[in-house]
Amino acid sequence: MAAKVTLTIDGREITAPAGEKLLWAALDHGIYIPHLCAFREEERPAASCRLCLVEVAGFRAPVAACALTVAAGMVVQTRSPRVDRLVRQAFALLLSRHRLACGQCPRNGDCALQEIARRRGLKLRREPLPPLDHDLPVDNSPATFYYDPGRCVLCGRCVWVCRHRAGVGAIGFVGRGLNRRVGTFGDVPLAQSSCTECGACVSVCPVGALVAKPAP
Ligand code: FES
């Protein structure tokens, strides 16, 4: 049996398997920490969305719970003025590049951004950061799904599953800085790339960027 460690989150003592990441240990015990980019099976999460920040005693700055391994005696606070401010900023950054038109989105009501906003009392409004709309065209070339970069929040989940679960690696990050986006090698349409249309990316997209087409 795997060794267990005991730690404290928000004043509650919990046990978790040794080696588990703090995010999953908390969620397993019904303690909510917002998260978007991480997968449980990732050994070294990119921790790119910065939504899962928590305070850990002994750490000077908030840390990403998805990338921190639990330790015996660890004392964690999921909320603090500092954490709340940083999470609010990270959320605003995600929204700045997400075309907010929930009424026209197929994921309306089943969207990670909406859930995080609801659970953390955050506004689904594109402020104070200016919107980063690039008016990139929708890639409608696959037979079974489409990709709308205007809704993509660059969480990287699709990139990770395409490489590590599907073993294909058809998509990756292209461009730099504000022009960073998910694209194919050579920036060709998905149908002309090595994409096999397995649907792995669609199944993990937390927003309405990768969307299955209705069966013909
Ligand atoms: Fe931890 Fe995204 S879930 S940084």
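Just so it is clear, the model here is predicted, and its values are computed rather than measured. Whatever order the structure lists ligands and atoms in, that order sets their numbers, starting from 1. Numbers here simply count residues along the sequence, with the first being 1.
Enclosure of atom CZ in R163 is not indicated, since only 12 or fewer non-hydrogen atoms of other residues, nucleotides or ligands lie within 6.0 angstrom.
Across every non-hydrogen atom of L124 and L113, the tightest pair is CD2-O, 4.2 Å. Nearest heavy atoms, A170 versus S193: CB-OG, 4.2 Å. Taking both residues in full, the closest heavy atoms of H35 and L23 are given as CB-CD2, 3.7 Å, listed atom of the first, atom of the second, then distance.
Ion pairing between E55 and R79 fails under the 4.0 Å rule for side-chain N and carboxylate O. Classification of K21 and E42 as a salt-bridged pair fails, no side-chain N sitting under 4.0 Å from a carboxylate O.
Closer than 4.0 angstrom to ligand 1 lie heavy atoms from H35, L36, C37, A38, A47, S48, C49, R50, C52, C66.
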